[in-house]
Amino acid sequence: MILLRLFMYLILVPSAVFHEYMHGWTAHMLGDDTAKRAGRLTMNPLKHIDLMGTIILPLALFIASGGGFLFAYAKPVPYNPYNLRNQKWGPVLVGLAGPLGNLLLAVLFGIVVRIANMMGEPSLFVLLGTMIVEINIVLAIFNLVPIPPLDGSKLLLALLPRQAHNIEMFLERWGLLIVFVFAITGFKYLFPIINYLTTLLTGW
């Protein structure tokens, strides 16, 4: 069990790094080179490791959930929304790029698993490939939750009317606490969706 969780962590970290890279790459494509100038437009994990998100939070969640939940994030890639060509929807596209990047990885490794199954590759290889698919689906879905600082909040805040300023302020103030509570108590209700997508992509 410990070795399995360790492997999950080793998958989680580069997946989170790719997630952040996609934020920076998308911002760069939309006109902002902040991440590039900061040396963060790279897949080098050492440039993205965050003490809280990559080390402390995964350990805390693992202990708090009795080993049932593991989540990590990399250091957020900096970007300046005022440099984006589209001021309203540019930040939304940058925000959604991370989860979509994880879904892309899930699809690619899902194809690898299906090919491995057809070729009769060892079940361990198929199992590890399936874990990569599942973890990236978890990252994508979790980050799409519309609570700051998660990526889904960018879309929510863009859609909120001006009159909802108090809601925005409340979410930005208490969002991190709400996310932590949700991760421990509520995220398990999304696992049927995660399992369905994993089976859909891998075939088993």
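- Counted by atom type alone, S15 and N136 present one or more donor-acceptor pairs between their side chains at under 3.5 Å.
- From L12, atom CG reaches atom OG1 of T54 across 9.0 Å, with rounding to the nearest 0.5 Å.
- Heavy-atom neighbours of M43 CE from other residues, nucleotides or ligands within 6.0 Å: above the threshold of 12.
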Review point. Between I193 and L190, is a side-chain contact (heavy atoms from CB on, under 4.5 Å) present by the stated rule, with each step listed?
Key: CA-CA 6 Å; I193 299 174; L190 296 179; 4.2 Å; yes

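- Donor-acceptor pairing under 3.5 Å is recorded for the side chains of N102 and H19.
- Taking each heavy atom of P99 and N143 in turn, the nearest pair found is CG-CB, 3.9 Å.
- When hydrophobic clusters are built by joining Ile, Leu, Val, Met, Phe, Trp and Tyr residues whose side-chain heavy atoms come closer than 4.5 Å, directly or via intermediates, F18 is not grouped with Y79.
- At distances below 3.5 Å, at least one donor-acceptor pair connects side-chain atoms of S153 with backbone N or O atoms of L150.
- The closest donor-acceptor contact from the side chain of K88 to the backbone of A158 lies under 3.5 Å.
- The 12-atom threshold is exceeded at CH2 of W89, counting heavy atoms of other residues, nucleotides or ligands nearer than 6.0 Å.
- In terms of heavy-atom proximity, G24 sits nearest to A35 at CA-CB, 4.0 Å.
- Side-chain atoms of T199 and W204 form no donor-acceptor pair, as typed in the model, at a separation below 3.5 Å.
- Relative orientation of the F187 and F142 rings is perpendicular, given thresholds of 30° and 60° on the angle between their planes.
- Both L200 and I141 belong to a single network of hydrophobic side chains, linked directly or stepwise wherever heavy atoms of I, L, V, M, F, W or Y lie under 4.5 Å apart.
- F109 and G129 get closest at one heavy-atom pair: CB-O, 4.4 Å.
- Residues P149 and V179 approach most closely at CD-CG2, 4.3 Å, considering heavy atoms.
- A side chain to side chain donor-acceptor pair (under 3.5 Å) with H48 is found for one member of E20, R40, K75 and no other, namely R40.
- Atom NE2 of H23 sits about 13.0 Å away from atom CG of L41, to the nearest 0.5 Å.
- Nearest heavy atom pair, residue L84 against residue Q87, reads O-NE2, 2.7 Å.
- Two residues are said to be in side-chain contact when any heavy atoms from C-beta on lie closer than 4.5 Å; L100 and M22 fail this criterion.
- Taking OH of Y21 as the start and OG1 of T26 as the end, the distance is 9.5 Å to the nearest 0.5 Å.
- In the displayed structure, I55 atom CD1 is contacted under 6.0 Å by more than 12 heavy atoms of other residues, nucleotides or ligands.
- Formation of a donor-acceptor pair under 3.5 Å by the D32 side chain with backbone atoms of N80 is found in this model.
- No side-chain heavy atom of L144 sits less than 4.5 Å from a side-chain heavy atom of D151.
- The minimum heavy-atom distance linking T198 with T202 is given by the pair O-OG1, 2.7 Å.
- You'll find the side chain of I137 reaches within 4.5 Å of the side chain of L201, heavy atoms only.
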